[in-house]
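Order of appearance sets the numbers: ligands from 1, and atoms from 1 within every ligand. Along the sequence shown, residues carry numbers from 1.
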Amino acid sequence: MQLWFFAVFTLSSLSTGLGHPKIPSFIKVCSRSDPNLNECVKESVEQIRPHLANGIPELGIPGCEPLVLPEIVMDQGKGSIMVQSKYKDIQIYGPSQFVLKSVKVDDEKNRVKIKLRLPRLEMIGNYSIQGRIMMLPIAGKGICSGNYSDIDAVAVMQGEKIQKNGMTYFNVKDFLVDFSIGHATIHLTNLFDGDQQLGDSMNEFLNDNWKSLAEEIKPVLEKTIGDMFKKFSNKIYHKYPLNELLPP
Ligand SMILES: *[C@@H]1O[C@H](CO)[C@@H](O)[C@H](O)[C@H]1NC(C)=O
Ligand SMILES: *[C@@H]1O[C@H](CO)[C@@H](O)[C@H](O)[C@H]1NC(C)=O
């Protein structure tokens with residue numbers, strides 16, 4: 001999912017920065033006065049797609065195939081889901097297959113809004129979980145995997161212009177991500193200390209109820225991904241003055 005934002009930033013980071021590391025030539029630069037700025041940015045994103053998958057070392061951007069989330073900790077204590085869970089080394093495959101729906105750059109409000117669809121994501125990682133889900137006790141530690149399809153995502157990047165060494169730079173304050181999942185299947189290995197029968201029924205139960213589970217997990221996942229994008233985008237924005245990233 002990080003493509004969208006990479007896209008926006010990288011593509012704009014392509015101007016000729018004197019004294020800066022050379023900006024890769026595969027990025028299409030957009031001028032902020034372009035009457036079709038949104039279209040231009042959208043095209044840039046499309047053009048940069050293959051590079052997003054493998055990463056762009058020149059810009060300090062890691063590849064997103066897979067997208068790696070080092071750790072997510074969830075401590076849910078209300079409603080029908082009361083669990084403590086921890087996920088490590090989560091690898092998400094498929095984000096570079098995004099389909100861009102729309103890109104809206106609002107220079108005056110320092111805001112970029114991107115809508116996209118992800119046909120399919122495949123996730124694998126280590127988990128540990130303990131608690132109750134809809135009254136049922138759950139406990140386990142092993143490998144979790146999941147497949148998610150037809151994901152609609154909206155990303156809103158809100159920034160501000162800041163002054164540094166007499167130059168204007170862009171600083172991302174908030175990177176908000178909102179998504180909805182069309183369908184999901186999940187599997188947890190080694191539930192209940194490896195008890196096959198209990199594990200099988202719990203997995204069946206989790207899949208039958210994936211929608212309510214996804215709703216509970218969504219906010220944490222959205223925040224984790226949003227914070228990661230914010231960090232990466234600021235790496236670029238703090239490196240190149242705004243006039244080079246988005247020339248007049
Ligand atoms: C994840 O699980 C695998 C297989 O059990 C293990 O080799 C690996 O060390 C685990 N990673 C972490 C971060 O615990
Ligand atoms: C996800 O899809 C892969 C490949 O299509 C499949 O091997 C795997 O069993 C699926 N996992 C789940 C949890 O549905």
- Task: Start with the C-alpha distance between Ser212 and Ser80, add both sets of side-chain angles, then the distance that settles side-chain contact (heavy atoms from CB on, under 4.5 Å), and finish with yes or no.
- Result: CA-CA 9 Å; Ser212 7; Ser80 55; 5.8 Å; no
- Query: Can you tell me which residue and heavy atom of the protein come closest to atom 3 (C) of ligand 2, and the distance to 0.1 Å?
  - Reply: Glu122 OE2, 3.5 Å
- For atom 11 (N) of ligand 2, grab the closest protein heavy atom and report residue, atom and distance to one decimal in Å. Asn147 ND2, 2.9 Å
- Query: Does a side chain donor of either Gln163 or Thr168 reach within less than 3.5 Å of an acceptor in the other side chain?
  - Reply: yes
- So is Met123 in contact with ligand 2, going by heavy-atom distances below 4.0 Å? no
- Task: Give the atoms of ligand 2, by number and element, whose distance to some non-hydrogen atom of Arg120 is under 4.0 Å.
- Result: 1 (C), 2 (O), 5 (O)
- Thr185 neighbourhood, listing ligand 2 atoms whose heavy-atom distance to it stays under 4.0 Å: 12 (C), 13 (C), 14 (O)
Under a 4.0 Å N-O cut-off, is there an ion pair linking [X] with [Y]?
| X | Y | value |
| --- | --- | --- |
| Asp174 | Lys230 | no |
| Asp227 | Lys223 | yes |
| Glu46 | Arg49 | yes |

- Per-atom contact, atom 7 (O) of ligand 2, protein heavy atoms, under 4.0 angstrom: no
